[in-house]
Amino acid sequence: MSFLQTELRALHSAVMFFTRIPMPSFKDYDPGDLQRSSAYFPLVGWLTGGAAALAWWGAIQIWPPAIASGASLAVTLLLTGAFHEDGFADMCDGFGSGAPKDRVLEIMRDSRIGAFGAIGLVVMLTLKWQAVAALPLQPAWLAPALLLAAHTVSRGASGTLMTTLAYVSEQGKAKPLATTLRGWRLVISLVFALAPLALLPVRFWWTLVAVAAARAVMAWLCKRRIGGYTGDCLGATQQVCEAAFYLCAIALVWAR
């Protein structure tokens, strides 16, 4: 199998794993495809962020910003099956319990949602809804560009947890892709993550500081509470970094 075929299969696996987009399955399944797919997490962000931007742009033509924001959020939830939001809720339940490591991991594997997860999810969705509604309307291309960048940068930041932390769960939705992201795969992941920033005025590159800080806090929490990361930690980090991106972008607009 050629290098190009191998990487296309990895990208195919990333889209299948992280979205609900119908994709044909390969007859000769290779677990390595999913492990290699980690480099393409931010590229999946191009799909979700592009869909969010398109939904926002279409809705803003006839509705106020709050409705446009809700439309973009709904599209991303449908496109991903609320995959990352589910991870965020699970991490809230587990880390909020104050239990020992083994019990935390058990709580995070539980498909039921608890009080911490429900509260955290409501707060996160409301925060993102309001933040996107507050994005600048002029110039007309700016808000869609910010939406695209938020989705790619946050996924890039989440993926870097695999460069510094160990996978700690013996079972879980991320176990098949648990790997160390390094070398040229780390480079290509960061390129895909950061490329949309080229569409933005330079002042919005300060959002990287907020995202880096959010990523650092999440990594510290994961290391302190469970000694590494799980799939839920990756999803939760993506959500926190996405929210941090929006909040910083809005602050940069208001500070002018």
Side-chain angles (χ1 to χ4, degrees), residues 14 17-18 35 37-45 80 83-109 116-117 120-121 123-124 127-128 149-183 185-194 197 205-249:
F17 193 80
F18 288 103
Q35 290 186 323
S37 72
S38 58
Y40 301 105
F41 295 168
L43 200 54
V44 174
T80 64
F83 193 65
H84 304 302
E85 287 80 3
D86 177 66
F88 178 76
D90 287 342
M91 185 171 171
C92 287
D93 274 334
F95 283 37
S97 67
K101 171 186 172 180
D102 290 343
R103 177 55 181 156
V104 170
L105 293 173
E106 182 181 346
I107 292 171
M108 292 169 69
R109 288 193 296 265
F116 287 113
L121 192 57
V123 171
M124 177 58 72
L127 181 61
K128 291 200 300 179
H151 281 263
T152 63
V153 170
S154 62
R155 281 167 173 77
S158 174
T160 62
L161 289 185
M162 293 186 285
T163 68
T164 58
L165 299 178
Y167 189 74
V168 296
S169 181
E170 291 300 321
Q171 54 182 304
K173 53 195 173 188
K175 185 173 178 57
L177 55 83
T179 185
T180 300
L181 186 61
R182 61 177 56 163
R185 290 189 176 279
L186 174 60
V187 173
I188 199 67
S189 177
L190 293 177
V191 168
F192 285 137
L194 299 176
L197 291 175
W205 294 8
W206 284 103
T207 53
L208 293 179
V209 176
V211 171
R215 186 265 183 205
V217 170
M218 294 298 288
W220 175 79
L221 284 173
C222 292
K223 180 68 174 178
R224 179 174 177 269
R225 294 291 281 114
I226 59 176
Y229 77 92
T230 68
D232 289 328
C233 296
L234 296 179
T237 300
Q238 186 278 321
Q239 289 291 290
V240 172
C241 289
E242 183 185 348
F245 183 100
Y246 294 137
L247 293 175
C248 183

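All values derive from a computational prediction rather than experimental measurement.
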What's the verdict on side-chain contact (heavy atoms from CB on, under 4.5 Å) for S97 and V104, showing C-alpha distance, side-chain angles and the deciding distance?
-> CA-CA 7 Å; S97 67; V104 170; 4.0 Å; yes
Would you call E106-R103 a salt bridge at under 4.0 Å N-O?
-> yes
Verify side-chain contact (heavy atoms from CB on, under 4.5 Å) between C233 and I226, making sure each step is shown before the conclusion.
-> CA-CA 10 Å; C233 296; I226 59 176; 3.8 Å; yes
What closest approach, in Å, do [X] and [Y] show between heavy atoms, and which atom pair accounts for it?
X: G235; Y: S158; answer: N-OG, 4.5 Å
X: I188; Y: A39; answer: CG2-CB, 3.7 Å
X: F245; Y: A149; answer: CZ-CB, 3.6 Å
X: A157; Y: C241; answer: CB-SG, 3.8 Å

All salt bridge (charged side-chain N to carboxylate O under 4.0 Å, His left out) counterparts of K223, not counting sequence neighbours =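 Scan of K223 (salt bridge (charged side-chain N to carboxylate O under 4.0 Å, His left out), adjacent residues dropped) gives none.
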What residues form a salt bridge (charged side-chain N to carboxylate O under 4.0 Å, His left out) with R225, not counting sequence neighbours?
-> none
Using side chain to side chain donor-acceptor pair (under 3.5 Å) as the criterion, list what pairs up with T237, not counting sequence neighbours.
-> none
Listed partners of T160 passing side chain to side chain donor-acceptor pair (under 3.5 Å), at least two apart = R215
Return the set of residues passing side chain to side chain contact (heavy atoms under 4.5 Å, CB included) with [X] (not counting sequence neighbours), or none when no residue passes.
X: T152; result: W46, L148, P196
X: L208; result: V153, L194, L197
X: A216; result: none

Let me confirm one number: the [atom1]-[atom2] distance from [X] to [Y], rounded to the nearest 0.5 Å.
X: F88; Y: D93; atom1: CZ; atom2: CG; result: 10.5 Å
X: D232; Y: C92; atom1: CG; atom2: SG; result: 10.5 Å
X: M218; Y: L234; atom1: CE; atom2: CG; result: 9.5 Å
X: R185; Y: T163; atom1: CZ; atom2: OG1; result: 15.0 Å
X: L186; Y: S38; atom1: CG; atom2: OG; result: 9.0 Å
X: C248; Y: Y246; atom1: SG; atom2: OH; result: 13.5 Å

I'd like to check [X] versus [Y] (side-chain heavy atoms, cut-off strictly below 4.5 Å). Are they in contact?
X: F95; Y: M108; answer: yes
X: E85; Y: K128; answer: yes
X: H84; Y: E242; answer: no
X: Q238; Y: F18; answer: no
X: L247; Y: L127; answer: yes
X: T230; Y: M91; answer: no

Carefully, step by step, assess F83 and F17 under the rule ring pair (Phe, Tyr, Trp, His ring centres under 6.0 Å).
-> CA-CA 9 Å; F83 193 65; F17 193 80; 5.5 Å; yes
Under the ring-ring contact (aromatic ring centres under 6.0 Å, His included) test, which residues partner H151, sequence neighbours left out?
->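 Scan of H151 (ring-ring contact (aromatic ring centres under 6.0 Å, His included), adjacent residues dropped) gives none.
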Which is it for M124 and V240 under the side-chain contact (heavy atoms from CB on, under 4.5 Å) test, yes or no, and what are the steps along the way?
-> CA-CA 8 Å; M124 177 58 72; V240 172; 4.1 Å; yes
